[in-house]
J.: 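Got a structure for you, written out below as structure tokens; questions coming shortly.
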Amino acid sequence: MPKYELVLLKNMAQPGYTGSLEAYRQAGGYAALEKVLKERTPADIIEEVKKSGLRGRGGAGFPTGLKWSFIPKDHKGLKYLCCNADESEPGTYKDRQLIERDPHQMLEGLAICCYAIGAERAYIYIRGEFDLGAEVLENAIQEAYRANLFGKDLFGSGVNVDVSVHRGAGAYICGEETALLESIEGKRGKPRIKPPFPAIHGLYQEPTVINNVETLANLPHIINRGAEWFASIGIGKSTGTRVFSVSGHVKRPGNYEVPMGVTLREMIYDIAGGMRGDKPLKAFIPGGASAPMMKPEHLDIPLDFESIKEAGSMLGSGGITVMEEETCIVWAAMNLMEFFHHESCGQCTPCREGSGWVLQILHRIEQGHGREGDIEQLENLCRRIEGKTVCAFGEAEVGPILSSIKHFRAEYEQHIREKCCPFHPNATLSMVH
Amino acid sequence: MKYKALSKEAVARIEAELPKYPDRRSLTLPALRIAQEDLGYVSEPAMIDIAEILELTPIQVYDVATFYSQYNMKPVGTYLVQVCKTLSCALVGAASIVEHLQKKLGIGIGETTEDGFFTLKVVECLASCGSGPMMQINDRYYEQLTPEKVDQILSDLKEQGKSALATGPFMLPALQGQK
Ligand SMILES: Cc1cc2nc3c(=O)[nH]c(=O)nc-3n(C[C@H](O)[C@H](O)[C@H](O)COP(=O)(O)O)c2cc1C
Ligand code: FES
């Protein structure tokens with residue numbers, strides 16, 4: 001039995017739950033949408049969401065109600081909602097489960113958000129590889145249209161909401177909100193310069209809100225149980241539960257929903273079953289590949305936005321990757337840099353070129369050809385990428401590198417001094433593609 | 001027949017997507033996907049067709065097609081085997097699965113078997129990080145792989161065109177009794 005009350009994963013934890021419209025409605029689904037359409041004004045809902053303290057689950061943790069309030073109320077043209085289902089931050093696989101197991105929960109949240117911001121059109125941007133997820137969503141959307149939960153005049157309120165699935169085609173960067181907009185518009189996924197922010201000039205230059213799947217999935221619960229209930233879960237400015245994806249060297253990897261503020265120790269050693277083979281823990285990443293690495297000394301830090309930030313990392317997407325003692329940190333950093341180099345959209349020179357140079361140096365250190373001064377060169381290059389790019393990808397890609405050097409400098413030095421990797425003495429280039 | 005490469009069905013499918021968007025250009029990604037499903041890859045004549053349907057220049061379509069990693073710019077085997085190599089999967093043995101596949105299929109990364117059945121690729125994170133090592137073959141995921149499982153999947157596909165070892169709807173950890 002889970003120790004904490006499940007909210008988002010509750011339905012799917014019932015044996016035999018299919019995620020169909022019928023099953024979702026039997027569990028009380030779409031009552032929140034009916035309630036807001038019949039009884040509440042959009043301004044009312046925005047206020048409620050603000051009071052709940054809900055913050056974005058996609059990575060940045062921006063307050064959701066506040067984001068919605070930036071949408072101009074007197075706008076004459078169309079407004080849009082884009083649901084971010086790109087889920088491409090390495091280590092993160094929660095949205096996939098939320099979509100495939102309980103699609104109507106996020107669809108109901110999406111409809112509530114549309115009503116609150118006055119958007120009649122929503123797109124769900126789902127990563128191209130999620131064929132099953134896209135199928136599940138398409139079916140759920142059809143079911144919901146047939147029941148008039150989407151379309152025209154929902155619950156006789158005169159409110160119209162249309163939704164369609166837009167499938168990506170393999171590009172991490174399209175999870176960045178403005179690249180996502182470009183991608184829907186049929187272009188390369190190159191992030192836009194902000195400002196203007198999407199709330200003013202978003203999709204097709206119209207006011208647009210972009211919210212993550214999990215963010216939207218929380219909305220029916222906030223409406224049904226109230227902002228005070230939501231705000232009573234979690235700690236400080238991190239309210240509600242969060243679905244963490246745990247992977248790597250643990251006994252029971254999985255998606256675990258817990259109140260924010262649970263410690264990393266509890267998450268790794270209790271909830272995820274502890275270290276595989278009971279080996280000592282060496283390092284972990286708390287919030288997806290972009291989040292700086294942490295060490296066992298950080299185990300008692302609570303998993304909330306502020307505490308993790310204070311400790312030098314970020315809660316990010318909630319993907320926790322755990323590494324045991326025998327993991328080579330230079331190899332791990334190199335693996336992540338291969339990812340970032342491959343995924344750089346190529347727009348900004350420091351990121352496009354810098355990621356390749358950083359990778360080259362990491363490859364050579366790992367292969368035993370590291371030179372004196374390479375570590376300083378890595379730090380120097382990272383500082384020339386960070387903060388010098390259009391989007392936050394620049395900070396994302398240097399996070400794992402700088403943190404691995406900060407926490408494991410001696411290991412880098414050993415590679416260079418001994419002219420070989422102490423963990424993989426016969427290291428050849430890993431799988432380059 | 002107005003279009004050079006795309007089948008009538010593919011053109012109809014693309015046109016059926018039009019009402020979802022306020023402009024034609026937004027159909028670039030859906031159209032490329034449909035073209036790939038139609039032809040197995042995105043050929044130049046197909047991109048010219050798409051440009052015509054969407055009232056774009058061919059270079060606008062080509063520009064987009066070459067940005068996204070899922071579009072095959074060259075023909076691939078009947079089954080496109082893509083193994084994730086990113087950190088979480090690498091920590092639990094992705095390399096040994098790739099090695100096994102190379103031996104079993106007798107091909108290197110990026111190559112296609114002589115009979116045209118399998119193409120092997122190594123890709124970045126597919127959001128299946130807790131159930132690695134994993135691979136995607138065409139439209140399905142295969143997770144918590146072992147060499148034995150891989151052999152079974154390949155032979156299933158070759159003999160029956162599908163495999164019961166495909167996973168999903170996804171849930172981790174699985175409930176008792178769930179596959
Ligand atoms: C490089 C990069 C990749 C991102 N990838 C994702 C993603 O896959 N999914 C997601 O929801 N947000 C992602 N984000 C965050 C989005 O830009 C955006 O902040 C988020 O979707 C907003 O929704 P939220 O406020 O509900 O979290 C990414 C950001 C960056 C800079
Ligand atoms: S690291 Fe392999 S699926 Fe995410």
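Chain A is the first sequence line, chain B the second, and so forth, proteins listed ahead of strands; every chain is numbered from 1.
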J.: For Tyr80(A), is it the side chain, the backbone, both or neither that has a heavy atom under 4.5 Å from a heavy atom of chain B?
T.: side chain

J.: So which part of Arg140(B) gets closer than 4.5 Å to some heavy atom of chain A, the side chain, the backbone, both or neither?
T.: side chain

J.: Does any heavy atom of chain B fall under 4.5 Å from the side chain of Glu343(A), the backbone, both, or neither of them?
T.: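 The side chain, not the backbone.
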
J.: Where does Val322(A) contact chain B at under 4.5 Å (heavy atoms): side chain, backbone, both or neither?
T.: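 Only the backbone of Val322(A) comes within 4.5 Å of chain B.
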
J.: Chain B heavy atoms under 4.5 Å from Leu336(A): which part of the residue, side chain, backbone, both or neither?
T.: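 The side chain, not the backbone.
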
J.: Quick check: does any side chain N or O of Gln36(B) sit under 3.5 Å from a backbone N or O of Gln70(B), one acting as donor and the other as acceptor?
T.: yes

J.: Measure Leu78(A) against the heavy atoms of chain B and call it side chain, backbone, both or neither at under 4.5 Å.
T.: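 Nothing of Leu78(A), per the 4.5 Å heavy-atom cut-off to chain B.
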
J.: Report which part of Phe339(A) has an atom under 4.5 Å of a heavy atom belonging to chain B: side chain, backbone, both, or neither.
T.: both

J.: Inspect the contact between Arg167(A) and Asp131(A) and indicate whether a charged nitrogen and a carboxylate oxygen are less than 4.0 angstrom apart.
T.: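 The answer is yes: the pair qualifies as a salt bridge.
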
J.: Examine whether an atom of Ser245(A) lies under 4.5 Å from a heavy atom of chain B, and if so say whether it belongs to the side chain, the backbone or both; otherwise answer neither.
T.: neither

J.: Relative to chain B, which segment of Tyr172(A) carries a heavy atom at a distance below 4.5 Å: side chain, backbone, both, or neither?
T.: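 Neither part.
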
J.: Could you check whether Lys94(A) and Asn212(A), counting side-chain N and O atoms only, form a donor-acceptor pair closer than 3.5 Å?
T.: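 Their side chains do contain a donor-acceptor pair, which is all the 3.5 Å distance test asks for.
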
J.: Hey, are Tyr21(B) and Ser164(A) close enough side-chain-wise for a donor-acceptor pair under 3.5 Å?
T.: no

J.: With a 4.5 angstrom heavy-atom cut-off, could you sort out which part of Cys345(A) is near chain B: side chain, backbone, both or neither?
T.: both

J.: Determine the minimum heavy-atom distance between Phe170(B) and Glu100(A), stating which atoms define it.
T.: N-OE1, 2.7 Å

J.: In Å and rounded to the nearest 0.5 Å, what is the NE2 to CE distance from His342(A) to Met337(A)?
T.: 13.5 Å

J.: Checking heavy atoms, do the side chain of Ile173(A), its backbone, both or neither come under 4.5 Å from chain B?
T.: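 The side chain, not the backbone.
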
J.: Below 4.5 Å from any heavy atom of chain B, which atoms of Val136(A) appear? Answer side chain, backbone, both or neither.
T.: neither

J.: Between Asp115(B) and Lys158(B), is there a salt bridge with N-O shorter than 4.0 Å?
T.: yes

J.: What part of Gln14(A) lies closer than 4.5 angstrom to a heavy atom of chain B: side chain, backbone, both or neither?
T.: backbone

J.: With under 30° as parallel and over 60° as perpendicular, where do the rings of Tyr79(B) and Phe117(B) fit, or are they tilted in between?
T.: parallel

